**Q** 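So that we are looking at the same thing, I have put the structure below in structure tokens.
Counting convention: from 1, in listed order, for ligands and their atoms alike. These values consider heavy atoms only, across backbone and side chains, with no hydrogens, waters or symmetry-generated copies. Computed from a prediction, not measured in an experiment: that's the story for all the values here.
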Amino acid sequence: MGYKISSFGLGYVGLCSALCFADKNFTSIGVDIDQEKVQTIIEGRSPIYEPSLHTLLQECLDRGTFRCSTNPCEAVMESDISFITVGTPGLPNGSIDLTYIRQVARDIGKALKEKSSYHLVVVKSTVPPGTTEKKIKPILETHSGKRCGTDFDLCINPEFLREGSALHDTLNPDRIVIGEYDKKSGDILEALYRDFYKEKTPPIVRTNLPTAELIKYASNAFLAAKISFINTIANICEKTPGVDITTIAKVMGLDRRISPHFLNAGLGYGGSCFPKDLKALIAYSKKLSYTPELLQAVENINETQPYKAVLLCKNLLSDLKNKKIAILGLAFKPNTDDMREARSIPIINQLLKEGANVTAYDPAALENAKFIFKNKIEYASSAADCIKNADCGILVTEWKEFKKLTPEDFIQNMKQSILIDGRRIYNPEEFGKKLKFAAIGLGS
Ligand code: UGA
């Protein structure tokens, strides 16, 4: 077997999966239109922050199993299977922008025109139901002058990896979903994955194209709903003296029907996926004349949740004007430098609006944050530097290094020892005894 792979679009999904194929000795070619990004990768530097990615990239380049180019035609010619892994960003009306995916489909179509041997095209980007069949397929057929199912094949294969643990997730998925245009398309993609995972092959589920497309949206929407659900209970806990959401979530999670995952109460979800995918699913559903009220509530709860941090801060400080507020963590989650839809953004904007002086620190996202907040806030070079002389600290992203901070660290550095735990990483008994302490979901 030993299929040769090309991946179009070298973001998180494209680069991580291309390198995982290369790591398992498949010939893997990465393609991107961004010349600078391609050059960075060729030089062995990862354009994205992702644990272990840099080392894996260098290993695969040295071994010669991975290469990178801006030439789509060559990549199609020299591979058997092309994965489309470009972004599908959200539009202001909630629906998604298919510009990049259309462009890649055109490029692959043109290359297929010249190719006489077999080729399978696999859409990995997140797209609404119907997109692969009604939009991608016609583009591929028009530009190749060939017929899908006869001259080339087509699948949709949604991706479930998380930023920050992208390699681990790619190598250890819970399931693989193959939406197939026809049986032959699905057989080939299944054979590729069986060859890739060998005895560790997870359950492979084969469906038609729109079902696979909707599985991805339904999965992300469900996880987002779990988060908004637990945040709702957390908000009730805060008004109930003596009750702590972490105990409630822990016990709920012991019920196997519920599971402990994605039950961490906090300041809401961010990132490039949940907010965008939820909006897209709502927009898709409305187009079909169905108003998905549950999904709208999930979104509304998530919009207001970050302001809880500001409210807790005001409860303890009363007036924020000219107070120094230290923000610990800016990225939308730990182990990434990604600021997209990060909850730190509405929190900081609100603090500024209320007249506070904000200083922030993040182990990885400072440079990206500077593009957003510019000189409206101060940037610290460490957690200790950030909380120095602060009137209140707000823990926004639960980086491992913040978990090591002790009550003494805050007492010794801060002007007033006031701390808001927005992600529930500190022990309330220990911190509550020594500091003025408030936390999401902690009844007081
Ligand atoms: C998410 C999904 O988890 C992946 O399965 C999916 O492949 C990906 O979107 C995608 O569609 O590409 P990701 O956005 O990288 O992955 O990150 P998550 O770990 O899911 O976290 C998303 C947000 O939820 C973060 O802001 C995180 O802080 C928040 N979260 C997560 C909570 O507030 N509580 C939790 O219990 C879990």
**Q** Kindly check if the number of other-residue, nucleotide or ligand heavy atoms within 6.0 Å of OH (Tyr193) is above 12?
**A**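 Buried by this count: over 12 neighbours within 6.0 Å.
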**Q** Can you say whether the rings of Tyr269 and Phe274 are parallel (under 30°), tilted (30 to 60°) or perpendicular (over 60°)?
**A**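 If you compare the ring of Tyr269 with that of Phe274, the planes turn out perpendicular.
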**Q** Under a 4.0 Å heavy-atom cut-off, which residues neighbour ligand 1?
**A**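 Protein residues near ligand 1 are Glu159, Phe160, Leu161, Arg162, Glu163, Lys216, Asn220, Ile227, Phe262, Leu263, Asn264, Gly268, Tyr269, Gly270, Cys273, Phe274, Asp277, Phe332, Lys333, Arg423.
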**Q** Measure from the side-chain N and O atoms of Asp32 to the backbone N and O of Val38, and report whether any donor-acceptor pair falls under 3.5 Å.
**A**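 Answer holds: no.
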**Q** Looking at Lys276 and Glu341, is any side-chain nitrogen of the basic one under 4.0 Å from a carboxylate oxygen of the acidic one?
**A**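 Result for this pair is no, no salt bridge flagged.
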**Q** Output all residues satisfying side chain to side chain donor-acceptor pair (under 3.5 Å) with Asp385, sequence neighbours left out; order by chain, then residue number.
**A**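 By the side chain to side chain donor-acceptor pair (under 3.5 Å) rule, Asp385 matches Ser381.
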**Q** Determine the interplanar angle of the Phe196 and Phe26 rings, folded into 0 to 90°, and report it as parallel if under 30°, tilted if 30 to 60°, perpendicular if over 60°.
**A**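 Phe196 vs Phe26 ring planes: tilted.
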